[in-house]
Amino acid sequence: MINLVFRIVVEVLFGISRLTGFTYNEVNILLYYFFIPFTWLLLLDKIFHFHYFKIAFVIFCLGFYIWCKDFKGFSDWLFDRSVDFLKYFDRFGSNYSASSVWICVVLPLFIYALLIFILIKK
């Protein structure tokens with residue numbers, strides 16, 4: 001099951017890459033380091049009834065956009081560091097695919113579920 005989920009996510013990211021013209025690494029970084037965190041901040045702002053988190057993140061992103069002259073190179077570097085992080089768990093009996101699914105799919109879904117649960121309960 002883990003390998004199936006991993007392959008599906010990889011294929012979706014490659015599909016987005018083909019549609020947008022971004023590389024696979026760029027799509028991966030945009031999704032996991034920008035889009036997903038931004039949506040969590042939107043939910044937090046909704047929970048706390050203010051706009052500080054999303055405004056701060058947009059300011060951060062604008063600063064990053066101005067500072068980063070080579071997004072492809074940056075994405076390749078950060079993707080490689082992310083792979084290193086996921087491979088770190090090999091020493092605990094995991095593997096790259098399993099660590100990817102647990103950390104990059106299950107954990108974000110858990111955080112979404114928790115934030116949405118808190119939002120609904122308010």
Side-chain angles (χ1 to χ4, degrees):
M1 183 60 136
I2 295 264
N3 288 332
L4 175 62
V5 172
F6 179 79
R7 289 300 322 150
I8 290 170
V9 171
V10 167
E11 290 304 319
V12 167
L13 293 177
F14 270 117
I16 293 169
S17 174
R18 284 188 294 276
L19 287 173
T20 63
F22 286 111
T23 67
Y24 174 84
N25 290 359
E26 289 171 314
V27 169
N28 195 294
I29 298 308
L30 286 169
L31 178 67
Y32 286 105
Y33 287 88
F34 290 93
F35 181 76
I36 289 174
F38 183 67
T39 59
W40 291 342
L41 295 174
L42 287 173
L43 288 168
L44 284 170
D45 275 350
K46 196 91 158 141
I47 289 167
F48 293 113
H49 304 291
F50 54 64
H51 305 287
Y52 305 128
F53 292 133
K54 66 180 160 264
I55 290 171
F57 193 76
V58 168
I59 291 169
F60 165 79
C61 289
L62 287 173
F64 175 81
Y65 179 76
I66 292 166
W67 169 79
C68 184
K69 303 297 182 206
D70 178 18
F71 184 69
K72 182 190 177 314
F74 174 79
S75 296
D76 291 342
W77 173 82
L78 187 54
F79 182 82
D80 290 342
R81 298 302 68 76
S82 300
V83 168
D84 292 342
F85 172 74
L86 293 169
K87 286 183 176 180
Y88 175 81
F89 295 96
D90 290 0
R91 64 186 66 184
F92 301 109
S94 187
N95 62 48
Y96 176 73
S97 298
S99 297
S100 295
V101 170
W102 284 109
I103 293 171
C104 302
V105 177
V106 175
L107 182 60
L109 288 174
F110 175 78
I111 294 170
Y112 278 118
L114 180 63
L115 290 171
I116 291 168
F117 175 78
I118 292 169
L119 183 61
I120 290 171
K121 286 295 187 178
K122 278 197 108 182

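All residue numbers in this chain count up from 1 along the given sequence.
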Are any of the side-chain nitrogens in Asp84 or Arg81 under 4.0 Å away from the carboxylate oxygens of its partner? yes

Find out if a path of hydrophobic residues (ILVMFWY) with successive side-chain heavy-atom gaps under 4.5 Å connects Leu115 to Ile120. yes

Got Ile59 and Ile55 here, is their nearest side-chain heavy-atom distance under 4.5 Å? yes

Can you name the closest pair of heavy atoms from Trp40 and Pro108 and give their distance? CZ2-CA, 3.6 Å

Decide if atom CZ of Phe50 counts as having more than 12 heavy atoms of other residues, nucleotides or ligands within a radius under 6.0 Å. yes

Side chain proximity check, Phe38 to Val58, heavy atoms < 4.5 angstrom: yes

Between atom OG of Ser75 and atom CG of Asp80, what is the distance when rounded to the nearest 0.5 Å? 10.5 Å

Gap separating the NE2 atom of His51 from the CG atom of Leu42, nearest 0.5 angstrom: 10.5 Å

With sequence neighbours left out, the residues meeting side-chain contact (heavy atoms from CB on, under 4.5 Å) with Leu107 are Ile111

Would you indicate whether Phe92, at its atom CZ, is surrounded by more than 12 heavy atoms from other residues, nucleotides or ligands within a distance under 6.0 Å? yes

Got a sec: does the NZ of Lys46 have more than 12 other heavy atoms crowding it under 6.0 Å? no

Taking all heavy atoms of Phe79 and all of Ile29, pick out the closest pair and write down the distance. N-CD1, 3.8 Å

Report yes or no: do Ser82 and Tyr33 form a side-chain donor-acceptor pair below 3.5 Å? yes

Can you check side-chain contact (heavy atoms from CB on, under 4.5 Å) on Val10 and Tyr24, steps first, answer last? CA-CA 9 Å; Val10 167; Tyr24 174 84; 3.7 Å; yes

Using the rule side chain to side chain contact (heavy atoms under 4.5 Å, CB included), only one of Phe35, Tyr32, Phe22 pairs with Val27; which is it? Phe22

If you compare all heavy atoms of Asn95 against all heavy atoms of Asp90, which two are closest, and at what distance to 0.1 Å? CA-OD1, 3.2 Å

So, do Ile2 and Trp102 sit near enough that their side-chain heavy atoms are less than 4.5 Å apart? yes

State yes or no: do Leu31 and Tyr65 share one hydrophobic cluster built from I, L, V, M, F, W and Y residues joined by side-chain heavy-atom distances below 4.5 Å, directly or via other members? no

So, using salt bridge (Lys or Arg N to Asp or Glu O under 4.0 Å) as the criterion, who are the partners of Arg7 when residues are at least two apart? Glu11

Would Leu62 end up clustered with Phe74 when hydrophobic side chains under 4.5 Å apart are linked, directly or stepwise? yes

Scanning both residues in full, the closest heavy-atom pair of Ile103 with Phe85 reads CD1-CE2, 3.9 Å

With rounding to the nearest 0.5 Å, note down the distance linking CZ in Phe89 to OG in Ser94. 8.0 Å

How long is the straight-line distance from CG of Leu119 back to CG of Leu114, given to the nearest 0.5 Å? 11.0 Å

If the plane angle is over 60° it's perpendicular, under 30° parallel, otherwise tilted; pick one for Phe60 and Phe57. tilted

Could you go through the side chain to side chain donor-acceptor pair (under 3.5 Å) check for Thr39 and Tyr112 one step at a time? CA-CA 9 Å; Thr39 59; Tyr112 278 118; 2.4 Å; yes

How far does CG of Leu30 sit from CG of Asn25, to the nearest 0.5 angstrom? 11.0 Å

Leu41 versus Lys54, closest heavy-atom pair with distance: CB-N, 4.5 Å

Do Val83 and Tyr96 have side chains that get closer than 4.5 Å, going by heavy atoms? yes

Do Leu19 and Phe14 belong together in a cluster built from hydrophobic side chains that touch within less than 4.5 Å? no

Whether the side chain of Asp45 engages the backbone of Phe53 through a donor-acceptor N/O pair (distance < 3.5 Å, no angle test) should be reported. yes

What is the distance from atom CG of Leu44 to atom NE2 of His49, rounded to the nearest 0.5 Å? 12.0 Å

